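Notes to accompany the following structure.
All values below were derived from every heavy atom in this structure, side-chain atoms included, with hydrogens, water molecules and symmetry-related copies excluded. Model, not experiment: these values are computed from the prediction.
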Amino acid sequence: MQHLGDVKYFWDAIENFSFDYDFYTFSGRTVNEKGKVMKSFTHSTIRGSLQSYGGYKKNRSKEGSMTSGTFRFFCKSIYKFNIDDFICTQEGQWLICTSVDEPYSEWGVRAGTFEMTELYNHKDLADYLKTLNGENQI
């Protein structure tokens, strides 16, 4: 990719606030013999800066109370993430990518929005994690 300017300034700025995160990339869909669509994921590490964006909120409804949070994630453009990819924080909080800001890539920065989510809402990812941990037989 061609960059508009020297990316070193932005990469250094991001690195000052960066950590390594477990990263689960959505890698495709398959259909099993019963016609069920199954998502597949690939595990890797992504290094970037995760910043709170609007803080935490408590939502109450007939289904019960739920805490939500939105975060902005910034990383070097050498990493790619897309909508439906997941990051697991050091505290074990699962975040799902809900938007990607393309214009920043020209300056060597990849940016996007991640929102808190519960793993039980994503059964395909939960099954993938069990397989990685040896709990499921292939």
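If you take CE on Met38 and NZ on Lys123, they are separated by 11.5 Å, rounding to the nearest 0.5 Å. The distance from atom CD1 of Ile87 to atom OG1 of Thr45, rounded to the nearest 0.5 Å, is 11.0 Å. The line from OH of Tyr53 to OG1 of Thr113 is 6.5 Å long, rounded to the nearest 0.5 Å.
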Inset, instruction - For side-chain contact (heavy atoms from CB on, under 4.5 Å), just list the numbers for Cys75 and Ile46, CA-CA rounded to whole Å, side-chain angles, deciding distance to a tenth of an Å, and then say yes or no. - result: CA-CA 8 Å; Cys75 63; Ile46 191 169; 4.3 Å; yes
Legend entry - Check against side-chain contact (heavy atoms from CB on, under 4.5 Å), Lys76 and Phe10: CA-CA 8 Å; Lys76 297 175 182 178; Phe10 295 104; over 6 Å; no
Legend entry - Verdict with supporting geometry, Thr89 and Leu50, side-chain contact (heavy atoms from CB on, under 4.5 Å): CA-CA 9 Å; Thr89 68; Leu50 188 65; 3.9 Å; yes
Legend entry - Steps toward ring pair (Phe, Tyr, Trp, His ring centres under 6.0 Å) verdict (Phe114, Phe73): CA-CA 7 Å; Phe114 282 76; Phe73 186 76; 5.7 Å; yes
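For the pair Phe17 and Ala13, the tightest heavy-atom approach, listed with the atom from each and the gap, is CD1-O, 3.4 Å. The minimum heavy-atom distance between Thr98 and Glu115, with the atom names listed, is OG1-OE2, 3.5 Å. Shortest non-hydrogen contact noted between Phe41 and Asp84 is CE2-O, 4.1 Å. Minimum interatomic distance between His43 and Asp22 (heavy atoms only, all atoms of both residues): NE2-OD1, 3.2 Å. The nearest pair of heavy atoms linking Cys97 to Phe81 is SG-CD1, 3.8 Å. Taking all atoms of both residues into account, the shortest heavy-atom contact from Val100 to Ile83 is CG2-N, 4.1 Å.
Taking 4.5 Å as the limit, every side-chain heavy atom of Tyr79 sits out of range of all side-chain heavy atoms of Arg110. Taking 4.5 Å as the limit, some side-chain heavy atom of Leu95 sits within range of a side-chain heavy atom of Phe71. Two residues are said to be in side-chain contact when any heavy atoms from C-beta on lie closer than 4.5 Å; Gln93 and Met116 meet this criterion. Within the 4.5 Å cutoff, no side-chain heavy atoms of Tyr128 are placed close to those of Lys39. When side chains are defined from C-beta on, Ser40 does not count as touching Thr30, because their heavy atoms never get closer than 4.5 Å.
A salt bridge between Lys80 and Asp85 is absent, with no side-chain N of the basic residue lying under 4.0 Å from a carboxylate O of the acidic one. Classification of Lys8 and Asp12 as a salt-bridged pair holds, one side-chain N sitting under 4.0 Å from a carboxylate O.
Neither side chain, Ser18 nor Ser49, offers a donor N or O lying under 3.5 Å from an acceptor on the other.
Residues Tyr24 and Trp94 bring their aromatic ring centres within 6.0 Å.
Cation-pi geometry between Arg47 and Phe19 is not satisfied (NZ or CZ under 6.0 Å from the ring centre, within 45° of the ring normal).
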